[in-house]
Novice: 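Supplied in structure tokens, the structure appears directly below.
Note that this is a predicted model, so its numbers are computed, not measured.
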Amino acid sequence: MPRRKKKDEAAELAGRMVQVLEAQRRLGSDSYSLTLRRLAELTDPAAPPELVRQAIAKRKEFAARVVAAHARDLDAPVALAEDVDQLADSPLLLEFVLNLVCTPDRPTCSITQLKSKVPTKLKKPFEAALRRRIEENALPPTVGVVTVKGPRKSQVHLHLRRYPLPPEPDRELAENLVQVLRAQRQLGGDSYPLLLGRLVELACPGADPALVKQAIARPEFQNEAVLALKIPSQVREVLMETPVALASDSEQLADSPLLLEAALKAVRSATKQIATIADLKKKLVASLQRPFGEAVSRRIDECSLPPTIGCLLQARGKHILFLMSDVITGPAAHSAPAMREEARPAASPPPAAPEPAAPVGTSPGFVWAFDQAFRRLEQRQRIPNFVSLVDLRRALPFDRATFDAGLHALRRAGRYTLSAAEGRYGITPEEQEAGIVEDGTLLLYVSRKLS
């Protein structure tokens, strides 16, 4: 008898819940949008949850007249069967389903994922109502929409705003690139401007090239930085070899030796290795063309081109520029400057045999830093074994006394030699200051002793 009584209680509760639901419908939309829990409270506040679940899951009296978003979850929205479209379009249902799918770790979900969580009767009207709300920008304030990039195409996802979204990878990289660019600017010297490839290496080593292209196309990067070269589509090499600076430093970028060398590399080919200023300007973005042309012309007039660049006067007053690394010379051409010191009586003691340890008079830290800076500058200039003291002093964080003492110890140990600026036209004040005078000769270039 008790068992039959319990079944009767569930049936009775189911019938009364249907009646209350019909009454709520007559009261209007504000009263009709409710959950199973609220419906049970309005029907019988003392009814235990298990009895409510039996009423909604097993009683024909309830199932024939009512559609619920979930068979056993008391927080599921509910409506009369004839109002299935109204239930499908209710913000209450959307938020309920989002709560089933979204978590703080996975705050977004697709429409397909959401649709899978509602009963069969609700699937089609729910999806149609949801897409309409997205199109009309009529989602509830608690729900947001984002576009998620997939391997083939982008997809619309929804999320509960109370769960913070993870940063977009391309936006995060764009912001990191700008931050590192500002830091490099503070370092100055050879650290800024720099190539995009180097900037990416500092900001996010090993970043996917496709992600880099997305990042530099974002407004977070475009509004703060300028890439000097026009980038042909899908040419990663040109992209990574493009000089970059903050947009506020466009004039500095236009006048940088780095940009002049990069423009020449972009113009040259296996069969043409010279270019006019007009040829070079065509490779640059529009905002840099005029200041770049003026800067190169001024450098030519002042004889202050970087040592990696050569220049000759053509007919009609035009100059042609070229990379010194493209010049074909005799076998001893590059080594001659390094040999001049040995042909001249040296003020320093005779060179000793190379030692694996740090030479007497300097520290292992200086030796390591000097070797690294020399190697890096040699590779960048592409002139074997011939690096300017100007560049080395810029690259190393030592005062002049420490630098000169360390270099003297390296020379004495037979590791490096100095050569004069003989034959060079137009020594700049900076070169004059950086050089070392011995026996009345200005020594300006450092070479690694190869014996």
Novice: Can you find a side-chain donor-acceptor pair between Asp83 and Tyr32 that sits under 3.5 Å?
Specialist: yes
Novice: Anything under 30° is parallel, anything over 60° is perpendicular, the rest tilted; go ahead and classify Phe386 against Tyr445.
Specialist: parallel
Novice: Does a side-chain N-to-carboxylate-O contact under 4.0 Å join Arg25 and Glu82?
Specialist: yes
Novice: Would you tell me whether Asp399 and Thr402 have side-chain atoms, one donor and one acceptor, within less than 3.5 Å of each other?
Specialist: yes
Novice: Please determine whether side-chain contact (heavy atoms from CB on, under 4.5 Å) holds for the pair Arg218 and Asn223, giving the CA-CA distance in whole Å, both sets of side-chain angles, and the decisive distance to 0.1 Å.
Specialist: CA-CA 9 Å; Arg218 289 194 62 98; Asn223 294 339; over 6 Å; no
Novice: Would you mind checking if Glu175 and Arg171 are paired as a salt bridge, meaning a charged N to carboxylate O distance below 4.0 Å?
Specialist: yes
Novice: Within the structure provided, determine whether Leu321 and Ile274 are in side-chain contact (heavy-atom separation under 4.5 Å).
Specialist: no
Novice: Is any side-chain N of the basic residue among Glu135 and Arg131 closer than 4.0 Å to the acidic one's carboxylate O?
Specialist: no
Novice: Check step by step if side-chain contact (heavy atoms from CB on, under 4.5 Å) holds for Asp44 and Val52.
Specialist: CA-CA 9 Å; Asp44 182 359; Val52 175; over 6 Å; no
Novice: Please determine whether a side-chain nitrogen of the Lys or Arg among Asp301 and Arg298 lies less than 4.0 Å from a carboxylate oxygen of the Asp or Glu.
Specialist: no
Novice: Checking salt bridge (Lys or Arg N to Asp or Glu O under 4.0 Å) for the pair Asp371/Arg415: CA distance, chi angles, key distance, verdict?
Specialist: CA-CA 10 Å; Asp371 287 341; Arg415 299 273 290 274; 3.2 Å; yes
Novice: Heavy-atom distance under 4.5 Å between the side chains of Arg26 and Glu22, does that happen here?
Specialist: yes
Novice: Can you check whether Ala395's main-chain N or O pairs, donor with acceptor, with Asp190's side chain at less than 3.5 Å?
Specialist: no
Novice: Nearest 0.5 angstrom please: Leu139 CG to His159 NE2, how far?
Specialist: 9.5 Å
Novice: Using salt bridge (Lys or Arg N to Asp or Glu O under 4.0 Å) as the criterion, list what pairs up with Arg299, not counting sequence neighbours.
Specialist: Asp255
Novice: Ignoring hydrogens and angles, state whether a donor on the side chain of Thr108 or His157 is under 3.5 Å from an acceptor on the partner side chain.
Specialist: yes
Novice: Quickly, which of Val145, Val143, Leu94 forms a side chain to side chain contact (heavy atoms under 4.5 Å, CB included) with Leu130? Name it, please.
Specialist: Leu94
Novice: Roughly how far, to the nearest 0.5 Å, is the NZ atom of Lys283 from the NZ atom of Lys230?
Specialist: 8.5 Å
Novice: Using a 4.5 Å cut-off on heavy atoms from C-beta on, say whether the side chain of Lys281 contacts that of Arg290.
Specialist: no
Novice: Check for me whether the distance between the ring centres of Phe374 and Tyr416 falls short of 6.0 Å.
Specialist: yes
Novice: In Å, rounded to the nearest 0.5 Å, how long is the span from CG of Leu323 to CG of Leu260?
Specialist: 8.5 Å
Novice: CG of Leu194 to CD of Gln184: how many Å apart, nearest 0.5 Å?
Specialist: 5.5 Å
Novice: State whether Asp279 and Arg268 are salt-bridged, where the test is any N-O pair (Lys NZ or Arg NE/NH1/NH2 against Asp/Glu carboxylate O) under 4.0 Å.
Specialist: no
Novice: Is the backbone of Gln113 close enough, under 3.5 Å, to the side chain of Ser116 for a donor and an acceptor to pair up by distance?
Specialist: yes
Novice: How long is the gap from OG on Ser304 to CD1 on Ile309, to the nearest 0.5 Å?
Specialist: 12.0 Å
Novice: Does the side chain of Thr147 pick up a donor-acceptor pair with the side chain of Gln155 at under 3.5 Å?
Specialist: no
Novice: Using a strict 4.0 Å threshold on nitrogen-to-oxygen distance, state whether Arg375 and Glu378 make a salt bridge.
Specialist: no
Novice: Please walk me through it: do Leu312 and Phe322 pass side-chain contact (heavy atoms from CB on, under 4.5 Å)?
Specialist: CA-CA 9 Å; Leu312 292 172; Phe322 52 89; 3.9 Å; yes
